[in-house]
Trainee: 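After the structure tokens below, expect a handful of questions from me.
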Amino acid sequence: MVTMAQRIEALRTERNLSRPALSAALGFPRTAMEKFETGRQTPTQEQQTKLADYFGVSLAYLRGEIDDPTQTDSWLSGSVPDDVPDPVPVSRPAAKPRPAAVQEDGAVFGALLKSPSFQSLVRSAALEALRSPEGQELLAKAIRKELNRR
């Protein structure tokens, strides 16, 4: 899977632009592209939109969610193609209750949780959320609450 940092760098080098030149063209701080491309900082939603518009690609492509730069929806949008028929309901007997151990940590779910690629995906999503203004606000509240308890 291509990261947003890798995608930004590839798009920039395809246009033979330096990092400072691209930052200037978009009205970003001079070192913004360096931080984005090295993964030290994630572009805000507004910055992502500016980057995608500048390069003429979709946000999903910029984020590395899809490989087609012209496609506008991604696997995250949950869209279903028009030619897919509606599922036919199947009647099945009522499921028997499962033991608590199986319910809490099923084999498939347990394997997914232990997968390094899934852990990396969750880690990067959590870090991106925490770097957002809303995430920073939540962190500040949590820190204040913890400091007030002491």
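Remember, predicted model here, so these are calculated numbers, not experimental data.
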Trainee: Any non-hydrogen side-chain atom of Leu22 less than 4.5 Å from a side-chain atom of Phe36?
Mentor: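 Leu22 does not reach Phe36 side chain to side chain.
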Trainee: Might you point out which heavy atoms bring Ala10 and Thr13 nearest each other, and give the distance in Å?
Mentor: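 So the two residues come closest at O-OG1, 3.1 Å.
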Trainee: Should Leu26 and Tyr54 count as side-chain neighbours, where that means a heavy-atom distance under 4.5 Å?
Mentor: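 SC-SC contact between Leu26 and Tyr54 confirmed.
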Trainee: A cation-pi test, strictly: NZ or CZ of Arg15 under 6.0 Å from the centre of the six-membered ring of Phe55 and no more than 45 degrees from its axis. Yes or no?
Mentor: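 Here Arg15 fails the 6.0 Å and 45° test against Phe55.
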Trainee: Please name the pair of heavy atoms, one in Arg19 and one in Met33, separated by the smallest distance, quoted to 0.1 Å.
Mentor: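 Heavy atoms of Arg19 and Met33 come nearest at O-CG, 3.5 Å.
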Trainee: Quick one: closest heavy-atom pair of Ile8 and Pro43, and the distance?
Mentor: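 Nearest heavy atoms, Ile8 then Pro43: CD1-CG, 4.1 Å.
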Trainee: Output yes when a side-chain donor or acceptor of Glu34 lies under 3.5 Å from a complementary backbone atom of Thr31, and no otherwise.
Mentor: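 No; judged by distance alone, with no hydrogens or angles, the pair does not exist.
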Trainee: Walk me through it: do Val57 and Arg7 pass the test side chain to side chain contact (heavy atoms under 4.5 Å, CB included)?
Mentor: CA-CA 11 Å; Val57 298; Arg7 191 60 53 89; over 6 Å; no
Trainee: Check whether any side-chain N or O of Thr3 sits under 3.5 Å from a backbone N or O of Gln6 as a donor-acceptor pair, and report yes or no.
Mentor: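 The answer is yes, because a donor-acceptor pair under 3.5 Å joins these two groups.
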Trainee: Quick one: pull up NZ in Lys145 and CG in Asn148 and give me the separation to the nearest 0.5 Å.
Mentor: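 That separation rounds to 10.5 Å.
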Trainee: Just by distance, with hydrogens left out, do Gln136 and Arg131 show a side-chain donor and acceptor under 3.5 Å apart?
Mentor: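 Side-chain D/A pair, Gln136 to Arg131: absent.
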Trainee: Pick out which of Met4, Gln45, Glu65 makes a side chain to side chain contact (heavy atoms under 4.5 Å, CB included) with Leu59.
Mentor: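 Result for side chain to side chain contact (heavy atoms under 4.5 Å, CB included) with Leu59: Gln45.
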Trainee: Crowded around Glu46 CD? As in, over 12 foreign heavy atoms under 6.0 Å?
Mentor: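 No.
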Trainee: If you look at every heavy atom in Asp67 and Tyr61, which pair is closest and at what distance?
Mentor: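 The pair with the smallest heavy-atom distance is O-CE1, 3.5 Å.
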Trainee: Looking only at heavy atoms, what is the nearest atom pair of Ala5 and Gly39, with distance?
Mentor: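 Minimum heavy-atom contact is CB-N, 4.4 Å.
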Trainee: For Ser23 and Arg30, which heavy atoms make the closest approach, and how far apart are they?
Mentor: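 Answer, listing the atom of Ser23 first, then Arg30: OG-O, 3.4 Å.
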Trainee: Spell out, as yes or no, whether a donor-acceptor pair under 3.5 Å connects the side chain of Gln47 to the backbone of Thr44.
Mentor: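 Checking the backbone N and O of Thr44 against the side chain of Gln47, a donor-acceptor pair under 3.5 Å is found.
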Trainee: Would Leu11 and Leu62 satisfy side chain to side chain contact (heavy atoms under 4.5 Å, CB included), going step by step from the backbone distance to the final call?
Mentor: CA-CA 9 Å; Leu11 289 167; Leu62 181 71; 4.0 Å; yes
